[in-house]
Each structure stands twice: as C-alpha cells, then as structure tokens.
Amino acid sequence: MTKEETLHLAKLARIELSDAEIDKFTTEMSAILEYVSTVTDIVGDDTLTAPQVGAKYNVFRKDEVTNEADEYTADLLAEMPQTQGRFMVVQKILNPDA
Amino acid sequence: MYTITELRKKYISGELTPTEVFDTALAAITAKDAEIHAFLAVFTDARSEAEAATVAYRKQGADTPPLLGIPLAIKSNILIKGRIASAASKILENYTATYDATVIARLRAAGAIFIGATNMDEFAMGGSTENSAFGLTRNPLDPSRVPGGSSGGSAAAVAMGIVPAAMGTDTGGSIRQPASFCGLVGFKPTYGAVSRFGLIAMGSSLDQAGPLTTTVEDAELIHSIISGADEYDATTITPDTYGDVAIKEKYTFGVPRQFLTDGIDADVLATFNAHVEALAAAGHTVVDIDLPIFEKGLAAYYIVMPAEVSSNLARFDGMRYGLSSSGDNLLDVYQKTRANGFGKEVKRRILLGTYVLSSGYYDAFYGKAELVRAKMRAELREVFKTVDVILTPTAPTPAFKIGEQEDPLAMYRQDIFTVPVNLAGVPALSFPMGTVVREGIELPIGVQYIAPHGGDARLFSIGKKIYDERR
C-alpha cells in the first residue's frame with residue numbers, strides 16, 4: 001500500500017483523512033492485506049463457479065401499504081439535519097458558475 | 001441477581017414485584033455503573049411499565065406474558081422506538097429510532113422492560129468495547145480489564161447483576177467472547193433464526209442477535225421469543241429450512257486439535273482439555289477432527305466483513321439522519337460528515353472493504369474469501385456426518401488488560417475461534433468452563449459448542465445438562 005492508494009480509497013469511501021491518518025492506515029492496511037491474502041493459499045487458483053446464495057432466496061411479501069399516511073412523517077423529518085417544511089434540505093449539486 | 005426463571009416465579013408468588021426489581025436495578029446502576037460504564041442511556045421512565053406489570057401479576061398471576069416485568073439491557077445497535085440508538089458512534093449520537101426492531105417488538109409483546117441501552121464497540125467493530133465513541137466499558141470482575149466486545153456493555157450489565165439478561169449482536173463473536181470474558185452464557189443462533197430487521201447493520205450475511213444470560217435455560221427462553229420467520233427480513237428461516245437436528249442422550253463431540261496450537265493461552269488450553277475429558281468421562285464420545293478450512297476462517301472473515309461494512313455504512317451521509325458536518329458542496333459534506341462521525345476502527349474497516357471490492361482486487365480478495373466460505377460449509381457438512389457438536393475454547397485468552405491490544409491484527413486474532421461460525425452460519429453457544437487466575441483474580445473462560453445449521457435446540461439441551469445443572 002502507498003499513501004496515494006490510501007488517499008484514493010478514502011476518496012471512494014467519501015471519508016476525509018488527516019495526514020496522520022493516511023500514514024497510520026497505510027502502514028496498518030499493508031499488514032492486514034498481507035494477512036488476508038492467505039485466502040489464496042487455502043483455495044489456490046479455484047474460483048467461485050456459481051453465485052453463493054443463502055438458505056432462502058426469492059422471498060417476497062405483498063407489495064402493499066402497511067402504514068397510515070403521515071404515520072412516520074414527523075418522526076422522520078425530526079431526524080433530518082436540515083428541513084424546509086416537508087422537505088429535506090441538501091447542498092446544491094449543480095454549480096451555475098462552473 | 002436472580003435468573004429470569006427465578007424472577008418469574010417470585011413475581012407470580014408475590015414474593016417480589018417488578019417495581020421492586022426495577023428500582024433495585026436502577027439503584028445498582030447508580031452505585032456501580034459510574035466505574036464500569038455498561039450503559040449509554042438509562043430509561044428511568046420505564047418504571048411506569050414496571051408498575052403496570054406489578055398490577056398485572058397481582059390480578060392475573062401466572063396468566064401473564066412470559067417475560068412480564070423482566071428488566072433487560074439492550075445493546076445500542078438494536079432499535080427501540082423513541083430511544084436513541086447510537087451504535088456507540090458519534091455519527092448516530094442523536095439518532096432516535098422511529099420503529100422497534102423485530103426482536104424488540106417480540107420482547108415487548110412478551111412483557112419485557114427495557115431498562116437501558118448498553119455500550120459497545122462502535123458499530124459492533126471490536127472485541128473489547130474500547131472502540132466506543134463514548135468511552136470504554138470495564139470488566140466488572142476486574143476493572144483493569146476489558147469486558148470483551150463488541151457487546152461488552154450488555155455483558156457487563158449482566159455480570160454486575162443489574163439485569164438477569166441482555167441483548168447483544170454477534171457478527172464474528174460479539175456475544176460469545178464477552179460472555180467468555182464476563183463468566184456468562186452467550187448464544188449466536190443459526191443465521192436466519194432471528195430477524196435482523198431493526199439492527200444497525202454491520203455485516204449482513206453474518207449478523208445475528210442473541211442473549212447474554214447467566215443460565216442456558218434463560219438463553220433458550222429469550223431465543224424462543226425472539227426467533228422465527230419475519231416478513232421484514234427475507235433471510236429468516238423456518239423450522240423446515242434445515243429440518244430436525246436430533247437431541248440425544250449421548251453425543252459425539254469433535255475437537256479440532258490442530259487448531260488448538262498457536263497463540264492459545266496455556267491455562268485456557270488446559271481448562272479446555274479438562275472440560276473435554278469430563279465429557280468423555282460422562283459417557284460421551286470425543287474424537288479428534290481436522291478442519292483445515294475452518295481454521296483459516298479469520299483471513300476470509302477480514303475480507304467478507306469489511307466488504308459488507310463498507311457497503312452498509314455508505315448510508316451514513318449526513319443527509320437524512322445523524323450527524324451532518326457543513327461543507328462547501330455535497331461531496332464535501334459527505335467527506336467531512338464521515339470524517340467527523342466515524343472512529344478509527346470503523347474508518348479502517350471501511351477502507352479495507354473498499355479495497356477488497358475495488359476493480360482489480362475483487363476476484364483476488366472478495367471472490368476468494370467467498371470461495372473459502374463455500375468450502376468451509378462443505379467441510380462442516382462432512383464433519384457433521386460423524387460428529388454432533390464441535391468444541392473449541394470461545395476465546396484464546398481470558399479478558400485482557402485495557403489498552404493491551406494496540407495492534408489491530410493482534411486484536412482480530414481474538415476472534416479466531418468465533419468468526420468461522422458466522423462465516424458458515426451455524427449456531428454456537430458459549431458458557432463458562434472454568435477460571436484462570438491472573439494477578440490474584442479469578443477470571444472466567446468460556447467453551448464454545450458448535451452445532452450444525454438448525455441445531456440451536458441441541459445446544460440448549462446440552463448446555464442445560466452440562467452447565468445449568470452444575471452451576
């Protein structure tokens with residue numbers, strides 16, 4: 001692992017890292033990745049031929065409304081960091097000056 | 001503290017009332033928890049439920065729900081409507097649950113009273129409860145040591161005698177290892193036996209909720225209430241999913257001797273060997289088994305789990321709930337919120353998960369790890385043709401000192417015996433097998449009983465005979 005790789009991962013994961021964190025994670029991740037690479041020793045060149053599914057698959061329930069209108073609206077709005085009436089406020093995505 | 005079963009009898013006879021027990025528990029929290037810090041929140045207003053339960057017992061006696069008036073502590077990654085569910089993370093510090101988890105709804109319907117939310121490693125990532133954003137929890141049996149984790153607060157709450165039982169979650173040993181460190185019974189059900197609806201997700205193909213108790217009988221009681229199919233969790237199973245796993249008088253126990261060599265405390269191993277010899281002396285058959293894939297489970301786990309963590313925790317973006325840090329633009333809000341909201345272990349695992357899922361590494365890491373998992377299940381299917389239950393120590397050491405495990409890899413090795421169980425999805429029960437003395441203090445250590453898929457009842461049956469009757 002290089003610092004650049006750690007920085008790239010942080011970007012993909014949407015986490016801002018301090019310089020100290022970048023150094024620390026780069027060292028630690030190298031050791032962890034070396035250890036987990038031993039999975040190859042266990043299974044060799046084999047690859048998974050069929051997708052693995054759990055004990056159950058294709059489990060459905062009826063597509064129906066299970067709550068009253070507005071039953072949860074106030075509670076959910078109360079959790080939002082910023083609201084305007086019944087709307088959640090988020091940062092502008094498009095920059096008109098760009 | 002009495003067991004649930006004992007409390008229930010005393011409630012019915014009128015010897016004790018739920019209000020008295022609730023008040024005693026609150027007093028115990030005040031007296032002991034400033035030092036131990038098992039609880040993140042205490043629900044003093046639940047006293048009204050205890051009062052109602054007291055009235056109900058007076059009027060209806062035994063004709064009341066099975067857990068009526070029983071105080072329980074709940075790990076803070078399990079949603080209770082109207083209560084803060086922080087998962088011990090700053091990013092959810094002020095998040096109030098808007099609905100009950102299925103396990104909570106079922107416990108509530110059975111009459112249980114939730115007395116508080118317990119401390120844990122942030123988002124259940126850790127084995128010591130040192131990773132909480134709100135301060136660590138101490139082991140009540142030796143406060144210089146950790147209670148284990150990630151359900152360390154739940155374990156400490158029971159070990160202090162504040163509650164007869166607590167709820168935990170187990171992704172790689174997070175119920176069983178704290179049970180081992182605190183001298184309790186801890187149960188990780190067959191994957192799918194208990195609904196994950198309303199649990200704050202860590203590794204969705206691994207997570208299960210289960211009880212921490214002082215007897216196997218109580219663990220079985222709680223499991224019987226919380227388990228069962230749930231239309232809100234498509235992975236929940238029904239009794240016919242795996243069919244009957246027979247309960248017998250005498251069992252064949254398999255011991256993976258090769259697995260019990262490196263990095264295991266000599267006293268833990270000696271106690272384990274004595275436990276196994278006692279089983280043989282009691283007329284059970286004990287055989288050595290070889291589990292080459294199972295033994296290597298830890299490496300696969302630290303690929304599969306972070307991969308699922310990085311996906312599951314992508315939802316914490318500072319938009320709909322939880323912490324939101326201000327930034328110049330949307331991307332900046334995401335990056336600052338997650339930088340400020342997540343602790344170092346959570347960041348480490350998200351980065352690791354992002355790595356093993358990224359283009360070019362997916363096949364080499366995630367693909368291989370899932371293959372290990374498939375082969376491990378096949379290996380266990382073979383072994384369970386000839387043995388009924390697999391035995392290991394629950395953890396390689398007794399409770400370690402606070403601050404002792406600095407290196408993340410060394411900490412991960414704590415889970416060597418427990419994580420393969422989650423990868424395979426089989427059930428496992430941990431209960432105390434003895435103690436080891438460290439610095440003049442007797443520290444408990446647990447033994448892990450592992451059954452085939454759907455063998456939960458077999459484990460309870462064995463545990464009641466081997467542990468409860470000799471307690």
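Order of the sequence lines sets the chain letters (A, B, ...), proteins ahead of strands, with each chain counted from 1.
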Against chain B, label [X] side chain, backbone, both or neither, depending on which of its atoms sit under 4.5 Å from a heavy atom there.
| X | result |
| --- | --- |
| A/Thr66 | side chain |
| A/Phe25 | side chain |
| A/Ser37 | both |

Gap separating the [atom1] atom of [X] from the [atom2] atom of [Y], nearest 0.5 angstrom:
| X | Y | atom1 | atom2 | result |
| --- | --- | --- | --- | --- |
| B/Lys347 | A/Leu9 | NZ | CG | 14.5 Å |
| B/Tyr355 | A/Thr6 | OH | OG1 | 10.0 Å |
| B/Thr354 | A/Arg14 | OG1 | CZ | 10.5 Å |
| B/Leu371 | A/Thr40 | CG | OG1 | 10.0 Å |
| A/Glu28 | B/Asp407 | CD | CG | 7.5 Å |

Output the option from [options] having the highest count of non-hydrogen pairs under 4.5 Å with chain A.
| options | value |
| --- | --- |
| B/Gly425, B/Gly367, B/Pro408 | B/Pro408 |
| B/Leu331, B/Leu323, B/Leu298 | B/Leu298 |
| B/Tyr302, B/Tyr412, B/Tyr301, B/Tyr232 | B/Tyr232 |
| B/Asp317, B/Ile303, B/Thr337 | B/Ile303 |

Heavy-atom closest pair, residues [X] and [Y]:
| X | Y | answer |
| --- | --- | --- |
| A/Tyr72 | B/Thr98 | CE2-O, 3.6 Å |
| A/Gln91 | B/Asp328 | OE1-O, 3.7 Å |
| A/Val39 | B/Ala299 | CG1-C, 3.9 Å |
| B/Met319 | A/Val90 | SD-CG1, 3.4 Å |
| B/Asn94 | A/Glu79 | O-OE1, 3.9 Å |
| A/Pro81 | B/Gly322 | CG-O, 3.8 Å |

Part of [X] lying under 4.5 Å from any heavy atom of chain A:
| X | answer |
| --- | --- |
| B/Arg349 | neither |
| B/Phe316 | neither |
| B/Leu352 | both |
| B/Val372 | both |
| B/Ser310 | neither |
| B/Ala300 | both |
| B/Tyr191 | neither |

> Of all of A/Val59, A/Ile15, A/Asp75, which one pairs up most often with chain B through heavy atoms under 4.5 Å apart?
Replying inline: A/Ile15
> Given the options A/His8, A/Gln82, A/Glu21, A/Glu5, which has more heavy-atom pairs under 4.5 Å with chain B than any of the others?
Replying inline: A/Glu21
Return yes when atom [atom1] of [X] has more than 12 non-hydrogen atoms of other residues, nucleotides or ligands closer than 6.0 Å, and no otherwise.
| X | atom1 | value |
| --- | --- | --- |
| B/Lys81 | NZ | yes |
| A/Glu34 | CD | no |
| A/Asp41 | CG | yes |

> Hey, mind stepping through A/Leu17 and B/Leu351 against side-chain contact (heavy atoms from CB on, under 4.5 Å) and telling me if it holds?
Replying inline: CA-CA 11 Å; A/Leu17 295 182; B/Leu351 293 179; 4.0 Å; yes
> Are any of the side-chain heavy atoms of B/Thr236 and A/Lys56 separated by less than 4.5 Å?
Replying inline: no
> Where do B/Lys296 and A/Thr38 land on the side-chain contact (heavy atoms from CB on, under 4.5 Å) test, with the steps shown first?
Replying inline: CA-CA 8 Å; B/Lys296 301 267 168 50; A/Thr38 59; 5.7 Å; no
>> Given 3.5 Å as the limit, does a donor-acceptor pair link the side chain of B/Arg338 with the main chain of A/Ala13, or not?
In response: yes
> Hey, does the side chain of A/Arg61 reach the backbone of B/Glu231 with a donor-acceptor pair shorter than 3.5 angstrom?
Replying inline: yes
>> I'd like to know whether B/Asn340 forms a side-chain contact (heavy atoms from CB on, under 4.5 Å) with A/Glu16, so could you lay out the CA-CA distance, the side-chain angles of the two residues, the decisive distance to 0.1 Å, and finally the verdict.
In response: CA-CA 9 Å; B/Asn340 296 331; A/Glu16 194 174 88; over 6 Å; no
